[in-house]
Protein chains: 2
Amino acid sequence: MKQRVTIVDVARDAGVSIATVSAALNDRPGVSEPTRKRIVATAKRLGWSPSLRGRSLSQKRAFSVGLVIQRNPSVIASDPFFAGFISGVESVLEDGGYALVLQVAPTRQRTIARYRQLAADHRVDGVFLTDVSIPDTRFDLVRRLGIPAVAINARPGGDGISSVRQAHEPAIDALLHHLVDLGHRRIAHVSGPKDYIHAHDRETAWREYLSGARIRPGACVEGDFSLASGSRAAAALLRRRPRPTAVFCANDLMAIGFIAKATELGFSVPGDVSVAGYDGIDFGAYARPSLTTVTTAPHVLGEQAARTLLAMLDGAPASHVDTEPASLVVRASTGPPT
Amino acid sequence: MKQRVTIVDVARDAGVSIATVSAALNDRPGVSEPTRKRIVATAKRLGWSPSLRGRSLSQKRAFSVGLVIQRNPSVIASDPFFAGFISGVESVLEDGGYALVLQVAPTRQRTIARYRQLAADHRVDGVFLTDVSIPDTRFDLVRRLGIPAVAINARPGGDGISSVRQAHEPAIDALLHHLVDLGHRRIAHVSGPKDYIHAHDRETAWREYLSGARIRPGACVEGDFSLASGSRAAAALLRRRPRPTAVFCANDLMAIGFIAKATELGFSVPGDVSVAGYDGIDFGAYARPSLTTVTTAPHVLGEQAARTLLAMLDGAPASHVDTEPASLVVRASTGPPT
DNA sequence: TTGAAAGCGGTACCAT
DNA sequence: ATGGTACCGCTTTCAA
């Protein structure tokens, strides 16, 4: 880790001042073409690349953005959202010369603390806010700290905070329509933690679609997005009388956990109970029965979020962008009630 | 993002020089207790926290470490290793005041390029090397660049490069012993890409155990660690004559893909063919049949890797640490041959 | 068009 | 025990 060649070396070698070198290599006007060429050549010959540190200090920019994942360690391992989201973010950051600082926090409180620290250190120029809750204190926090932020799958409207969202309603409507079409009338829901905005949104979509179709929403039990909580939900729901004939789970993990438990209890899926998930994770296609679900595109969401954030760092005002809505994928875990 | 209070403000307010403030707040000797207390108090009152940027420049340290994940975007989403590994890394870095810079690259070439850029920018003080291949040019690269590095699940021995490893042999031996014990004699293997060291290691462990047990190793087909490649392997292996009665897959994803395809082709698992995986991902417990596998501990590996790297940054020489070996978990996907 | 010099916010050496 | 000051590597006025 030995930094040798600096702007001073280049300047000396090219016989100009460091100011000229700086201007030349940042394509700023005021440098004659011959001089610029000469400088670029020597810089290249000397193998010089500008020090991010020096630049950071003088420009008061970190050239990186932050993401704090708030997730229980036991859930995070199987949650495929972040891998896709991050690779999307990364693909855009790379081209912009920015880097992603990733942190993991187990609780909401610790999450806040990490954002606060990121800000205090000036380690990042902007942040992503995922797993938005209601209310979410991070909004006020970043606003107060004056840090550009992009919220994912949150409602637009926070002033100064951008958002990127993939609509869930059309696909959830299509899913419920599919179930009703098959003849289901007792359709239960396994929700995520209710203070998460996306959990809340999915539940609301479920409830409203059914109300609109003049069907009384079935039971709703709260899970935590984990496989295990899906299993617990199955145990709870399948002992109810009358038993639901179909269940919409707020994510695929819970749906798979649900199916595993249902099968274990002697119920057949979809014979005795149809099960659908949300997310469209790869495993869904390999589960038995394969999972009817709603496919989402975390990678695209990540790309858009990164683009939006970089734009804000360049001075663009907060904005809201909608990506292509999620869509229904019908597989083998849903069928007519018997 | 307005940085206001600097060390100068604190110095002025406390009526001392900035040198004294710096010394006081870094617990360096040469500051009288009363002065130190006064300084700490004013710093706190003014809400001062040292600028990472200023410190970075003068200390020539980035206070962050890097990890470039090299993975095909389609595989990364379902691969649970990194989530666990990263959360382990992060938990240690947090306490050390370090941050993790995470990058994602689709190919080996791009991976190298990203490491090179991280070094050129001096964006990180050290790096993790995962998914080590044979040969792996990154070893020479980081050595040449003089960047402290920790390789994960690689063989010890690279001078100047530490390694952290969770032994696979005992568990793979136990797994094969389990299969042989059940009566299996035709035991096939679905490997990962053979140029990956861990893929190679697992295959070797399989081959050597069987040789040692005087059993001829069965067929070995190469996969890419994805669900889909597990399915392809099933199609290929199950049409062989004589058919293998058991299959050891180099990771759980392929094992699950294998089972899905086998079932689809009309084979029963473990009736017609026993299937075992490697990794111990959560899904294994929820698959039908539940998956016999080898559990690993990515989180622990991450913690150890981070500790080792931080130690190197503090001047410790390269070292090698072994974590608790992986261990066998017998579930329902393996049984006696029929 | 080019250069000198003042920051940016710290650390650390050397006097005092 | 303190303070003065020269860096660290770059950007950015302002003069020449």
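So you know, we letter chains A, B, ... as the sequences are listed, proteins then strands, and number each from 1. Computed from heavy atoms alone, side chains included, the values below leave out hydrogens, waters and symmetry copies.
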[X]: what forms a side chain to side chain donor-acceptor pair (under 3.5 Å) with it, not counting sequence neighbours?
X        : value
A:Gln304 : none
A:Arg55  : A:Asn26
B:Ser319 : none

_Close side-chain approach of A:Glu90 to B:Leu102, heavy-atom, < 4.5 Å_ = no
Quick test: give all pairs of protein nitrogen or oxygen and nucleotides 12-16 of chain C nitrogen or oxygen below 3.5 Å, distance rounded to 0.1 Å.
residue : atom : partner : partner atom : Å
C:dA12  : OP2  : B:Arg28 : NH1          : 2.7

[X] [atom1] to [N] [atom2]: how many Å, rounded?
X       : N      : atom1 : atom2 : value
B:Ile39 : D:dG3  : CD1   : C1'   : 12 Å
B:Trp48 : C:dG9  : CH2   : C1'   : 9 Å
A:Arg61 : D:dC10 : CZ    : C1'   : 14 Å
A:Leu52 : D:dC10 : CG    : P     : 10 Å
B:Leu57 : D:dC8  : CG    : C1'   : 4 Å
A:Leu46 : D:dG9  : CG    : P     : 14 Å
B:Lys60 : C:dT11 : NZ    : C1'   : 12 Å
B:Arg53 : C:dT11 : CZ    : C1'   : 18 Å

query = Has B:Arg108 got its NZ or CZ under 6.0 Å from the middle of the six-membered ring of B:Tyr196, at an angle within 45 degrees of the ring axis?
reply = yes
Between [N] and [X], is there an OP1 or OP2 to side-chain N/O distance shorter than 4.0 Å?
X       : N      : result
B:Ser32 : D:dA1  : no
A:Thr6  : D:dG9  : no
A:Arg55 : D:dT11 : yes

To the nearest 0.5 Å, atom OH of A:Tyr115 lies from atom CG of A:Leu141 at 9.5 Å
The nucleotide from D:dT2, C:dG10, C:dT1 with an atom nearest the side chain of B:Thr35 is D:dT2
Side-chain contact check for B:Ser58: nearest option of C:dT1, D:dT2, C:dG10 is C:dG10
ask   = Should A:Arg36 and A:Asp27 count as an ion pair when the cut-off is N to O under 4.0 Å?
value = yes
Sorted by chain and residue number, the side-chain contact (heavy atoms from CB on, under 4.5 Å) partners of A:Ala14 (sequence neighbours excluded) come out as A:Val16, A:Arg38, A:Ile39, A:Thr42
So, with a heavy-atom separation below 4.0 Å from DNA chain D, the residues of residues 7-16 of chain B are B:Gly15, B:Val16
Residue pair B:Gly54/B:Gly30 against DNA chain D: nearer the 5' end by closest nucleotide is B:Gly30
Open item on the list: Just by distance, no angles: are the side chains of A:Ser133 and A:Arg138 close enough, under 3.5 Å, to form a donor-acceptor pair?
Closed with: no
